[in-house]
Amino acid sequence: MFNHSITGSRRFAAQDWPIERLRAIGKASGTTLNDVVLAMCSGAVRAYLLELAALPETSLVAMVPVGLNAKQSQVASAEGGNAVGAVMCKLGTDLADPGDRLAAIHLSMVDGKRALSSMTPMQILAMSALGQAPAILPPLLRMQGIVRPPYNLIISNVPGPRTTHYWNGAKLVGQYPLSIPINGMALNITCTSYDGNGLRPDRLPAHRAAPAAAAHPSRRR
């Protein structure tokens, strides 16, 4: 239901969570902060689609931009960089247990990053472009539904400022990114941190389920 033409209607929602809690989940589960963020998003999207009786039997796939070091642009970096690659991550939305979803996401991201590490910078650029084409061209050519998109949504987690910022003496207490939905890609989730102690995502439209997903990303059998 996310991969269709959009209208002028928009829904924007934003929340924040303590980043140390998310890091603790990652440490306890042997995963990364980014894996935990993806698992939270996966849980929110799963709950939203279940509520609408529209959850697919197979896992949704997210396109996840990853920062690359320009001098070693084939190596994915959790700290970001001035070169970018893309990983197609299976979100495990077909799995009911949050712990299982987190493990599946971690494995998918490890496989994606390993594939990037085996490519040259030119190959990464070419593969990223090829991966985007089926998502961008069909809406432009009015061919939605004919060509299956390579992913269902975009989830981006961008490191933000690690110190408090001010403007003419006024303290910046938070910043919230605004994603841009396009035809064929109605859901875009973007997360960023601020002042080293909080994660602030925006999302469209699966915001009602986010608190529940955030409450149980580390639960395991």
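Hydrogens, waters and symmetry mates are skipped; everything else that's a heavy atom, side chains included, is used. Remember, it's a predicted structure, so these values are computed and weren't measured experimentally.
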*Between Y194 and H165, what is the ring plane arrangement, given parallel below 30°, perpendicular above 60°, and tilted in between?*
perpendicular

*Does V64 reach the side chain of Y151, with side-chain heavy atoms less than 4.5 Å apart?*
no

*Heavy-atom closest contact (C89 atom, L38 atom, distance)*: SG-CD1, 4.1 Å

*Please tell me if the side chains of W17 and Q15 come closer than 4.5 Å, counting only heavy atoms from C-beta onward.*
yes

*Please answer whether the main-chain N or O of G92 pairs with a side-chain N or O of R101 as donor and acceptor at a distance below 3.5 Å.*
no

_D94: which residues meet the side chain to side chain donor-acceptor pair (under 3.5 Å) condition with it, sequence neighbours left out?_
none

*Between K90 and I105, is a side chain to side chain contact (heavy atoms under 4.5 Å, CB included) present by the stated rule, with each step listed?*
CA-CA 6 Å; K90 291 185 178 180; I105 287 168; over 6 Å; no

*Distance-minimising heavy-atom pair for T192 and P159*: OG1-C, 4.1 Å

*At their closest point, which heavy atom of G160 faces which heavy atom of S193, and how far apart are they?*
N-OG, 2.9 Å

*Give, for atom CG of N188 and atom OG1 of T190, the distance between the pair rounded to the nearest 0.5 Å.*
4.5 Å

*Roughly how far, to the nearest 0.5 Å, is the CG atom of L33 from the CG atom of N157?*
6.0 Å

*Do N152 side-chain atoms and V61 backbone N/O form a donor-acceptor pair below 3.5 Å?*
yes

*Taking atom CE of M109 and atom NZ of K113, what is their separation to the nearest 0.5 Å?*
4.5 Å

*Step by step, would you call F2 with L49 a side chain to side chain contact (heavy atoms under 4.5 Å, CB included)?*
CA-CA 10 Å; F2 299 140; L49 293 177; 4.0 Å; yes

*Among V110, D111, V66, which one satisfies side chain to side chain contact (heavy atoms under 4.5 Å, CB included) with V87?*
V66

_If the condition is side chain to side chain donor-acceptor pair (under 3.5 Å), which residues does T32 pass it with, not counting sequence neighbours?_
D35

*Find the distance between CG (D16) and SG (C191) and round it off to the nearest 0.5 Å.*
11.5 Å

*What's the spacing between R10 CZ and L178 CG if we round to 0.5 Å?*
10.0 Å

*Stepwise, does the side chain to side chain contact (heavy atoms under 4.5 Å, CB included) test hold for T164 with L172?*
CA-CA 7 Å; T164 305; L172 177 65; 5.9 Å; no

*Are any non-hydrogen side-chain atoms of L91 and L153 less than 4.5 angstrom apart?*
yes

*Side-chain donor or acceptor of T163 paired with backbone N/O of D195 under 3.5 Å*: no

*Is the shortest heavy-atom distance from the side chain of P177 to the side chain of Q175 under 4.5 Å?*
no

*Answer yes or no: is there a side-chain heavy-atom contact under 4.5 Å between T93 and L55?*
yes

*From L102 CG over to S42 OG, what is the distance, rounded to the nearest 0.5 angstrom?*
9.5 Å

*Non-hydrogen side-chain atoms of L22 and M40 separated by less than 4.5 Å*: yes

*Begin with the C-alpha distance, continue with both residues' side-chain angles, and end with the deciding distance and a verdict on side chain to side chain contact (heavy atoms under 4.5 Å, CB included) for V45 and L60.*
CA-CA 9 Å; V45 170; L60 295 185; 3.5 Å; yes

*asked:* Can you confirm whether I189 sits close enough to I154 that some side-chain heavy atom of one is under 4.5 Å from a side-chain heavy atom of the other?
replied: no

